[in-house]
Every structure is written in C-alpha cells, then in structure tokens.
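Read the structure below first, then the notes.
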Amino acid sequence: MSTVFTASFMTLAIAGIVDAGYLVWKHYKNNAKPLVCPLDHDCSTVTESKWSHIFFFRNEVLGLLFYASMLAAGIIVFLAPEFILLKILIKLAAGGGLLFSLFLIWVQIYKIKDYCFYCMLSALITLLLFMNSLLL
Amino acid sequence: MKKTTCDYSKLTSFILRVALAVPFLFAAIDATLQPEAWIGFMPLFFRNLLPEALLLVAFSLHQAGLTFWLLSGWKTKEAAVFAALTLLIITAANITVLEIVFRDIGLLLAAVALGVLHLKK
C-alpha cells in the first residue's frame, strides 16, 4: 500500500515542478510572452509584485526547489523504505510548505488584493502533498 | 479582487488536460515502482513479443511523454487524439476486467471532449 502512496507523492511533486517550473521559465526567459492564464487573468500583478521575493529568492524558485526536493525524497523513500527519519522530515517539510502557501494566499488576498492562478494551483498541490506525506 | 473577463473554454481545456495528465503520470510512476502490479494489464500478445520489463518501461515512457504533451498545451487536439487512442487500447485490451477499467471509459470520453474543444471553428 505504501508504494502506491509513494507513487502518488511523486506524481504530485512532478505536478508542482511543472507548475513552478513554468513560472520560473516565463520569468527568466528573455522576450517571453505573458503567462497563459486559464482564467485570462493578469498573473503578473502577483508574480511581479514586491511580495514575489521572500528570503532573497523568488517564490517560484523556492517552490521549484521545494517540489524537486520532495521528488528526490520520494525516490529515496521508495529505495529505502526503512528510512523512518526521512519520512518524518518529509512530513515536516510538507507541513512547512503548506504554511508558506497559506501565507502567500493571505498575501494575495489582503496585501496584493489580487490572485494568480498558478500560485493558487501550487497551494493546492502543496496541500495534497502534505496530506499524502501523512500516508507515507 | 479585480474582476476578470473569463474565457471558460481555456479553463475547461486546462482542467481536462490536467484530468488526463495526472492519471497517465501516476500510472507511469507506479508501474515503474511496482511493475508486478501492472504487468497483468499488458495484452498477452505484447508480453509474448517483448520482455515484460522492457514493455512496461516503454509504456511508462509513452504515458510520461503524453503527460507532458498534454500539460504543455502544444497541439492539444493531437495530444487529445493520442490520449484517446491510448485509453481505447487500454480499455479494449482489458475489457475482461471491466470492473477495474470502467473508469477509463470516462477518461476516454474526457480526451474526446478535449479534442472537440480544440476543433477549429
């Protein structure tokens, strides 16, 4: 049963990498077209706001690193299922990621007073990752 | 919050693409992690033709490729056709275990819906 949840955990981590990776790619690519928002919304109000940098890094870069480390941790959990400490660390990291996502949602609602579709999607993926981490 | 003029066809396309991509990705990863749980779904004809491990890896790569194609939003109509064909083959090859694959019929129709959504007017 645990292997199935490891697979779903890795699936979510890859979904997060695609989401955050798209934002990173759009930001750093020269002459990139604007973000393609499925809601036809201008995400740049959020992604280019003064809140786009926290801890000296862009939020999407932090997100990309977070999801990549979750994927790497998922692979290690599969290869060494007896590594209990790592499972605890994953739960703590996923919990931390969820708290950070909740903070960013708060920032969008009360500080920027606007939203970004991909940021909300990232928060949903992080919530699911956290719930999944409890089943590892 | 600012009001937006919303084009629901874009959102519908996005949801359908994610709805198709996630099961493909999960299946690709789980088949790699526990191949013994998935090899039984491979048609006997293919299992006699190729080594089982190679068959699963090849199909996982196919599904992973399809996942990223769907998510990329590039030539979505063609991606939907490939997804529908893949699901059609999966369903047809495992029709004897309909109690397991019956939801694939729903996914197959979702792929058809995605293709229809991207037909040029």
Side-chain angles (χ1 to χ4, degrees), chain A residues 1-22 25-26 33 35-46 49 70-71 74-81 105 107-118 120-122 124-125 128-129 132 136, chain B residues 1-41 56-57 59-61 63-76 79-80 100 103 107 110 113-114 117-118:
Chain A
M1 182 61 86
S2 179
T3 309
V4 172
F5 291 125
T6 307
S8 58
F9 188 80
M10 289 162 69
T11 303
L12 287 166
I14 292 173
I17 288 171
V18 171
D19 184 35
Y22 176 65
W25 177 65
K26 279 290 184 182
K33 291 176 185 171
L35 289 165
V36 179
C37 176
L39 290 173
D40 267 349
H41 189 75
D42 182 14
C43 293
S44 63
T45 312
V46 173
S49 72
M70 288 293 103
L71 177 62
I75 292 169
I76 297 171
V77 162
F78 170 70
L79 295 174
I105 289 175
V107 166
Q108 288 177 74
I109 295 172
Y110 294 105
K111 294 291 177 184
I112 306 174
K113 295 184 170 45
D114 207 338
Y115 71 93
C116 161
F117 178 82
Y118 294 103
M120 299 303 245
L121 186 62
S122 177
L124 176 66
I125 293 169
L128 295 174
L129 261 179
N132 199 149
L136 287 176
Chain B
M1 298 251 175
K2 286 179 186 172
K3 284 187 178 177
T4 55
T5 51
C6 192
D7 180 359
Y8 288 111
S9 65
K10 273 189 187 174
L11 182 63
T12 308
S13 169
F14 182 82
I15 292 170
L16 282 172
R17 285 188 287 128
V18 171
L20 288 165
V22 169
F24 276 130
L25 183 60
F26 173 76
I29 292 173
D30 202 49
T32 306
L33 299 189
Q34 43 179 358
E36 67 282 356
W38 290 84
I39 193 64
F41 295 108
L56 272 181
V57 168
F59 193 60
S60 291
L61 286 174
Q63 291 186 103
L66 208 44
T67 296
F68 293 111
W69 188 5
L70 284 163
L71 291 178
S72 74
W74 177 73
K75 290 193 183 289
T76 305
I100 295 175
R103 285 190 181 91
L107 283 173
L114 181 64
L117 193 64
H118 284 267

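Just so you know, these numbers come straight off a predicted model, no measurement behind them. Below, read A as the first sequence line, B as the second, and so on, with proteins coming before strands; counting in each chain starts at 1.
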- prompt: After noting the C-alpha distance and the side-chain angles of B/Phe68 and A/Val18, does the key distance pass the side chain to side chain contact (heavy atoms under 4.5 Å, CB included) rule?
  reply: CA-CA 9 Å; B/Phe68 293 111; A/Val18 171; 3.6 Å; yes
- prompt: Residues two or more places apart in sequence or in another chain: which of them pass side-chain hydrogen bond (donor to acceptor under 3.5 Å, both in side chains) with A/Thr11?
  reply: none
- line: Among A/Tyr22, A/Phe117, A/Phe78, the residue with the most heavy-atom pairs under 4.5 Å to chain B is A/Phe78
field: chain B contact via A/Leu121 - which portion, at a heavy-atom distance below 4.5 Å
entry: side chain
Only distances under 3.5 Å count here; give the side-chain donor-acceptor pairs of residues 15-31 of chain B to other protein atoms, sequence neighbours excluded, each with its distance to 0.1 Å.
residue : atom : partner : partner atom : Å
B/Arg17 : NE   : B/Ser13 : OG           : 3.3
B/Arg17 : NH1  : B/Leu70 : O            : 3.1
B/Arg17 : NH1  : B/Leu71 : O            : 3.2
B/Asp30 : OD1  : B/Gln34 : NE2          : 3.1
B/Asp30 : OD2  : B/Gln34 : NE2          : 3.1
B/Asp30 : OD2  : B/Trp38 : NE1          : 2.9

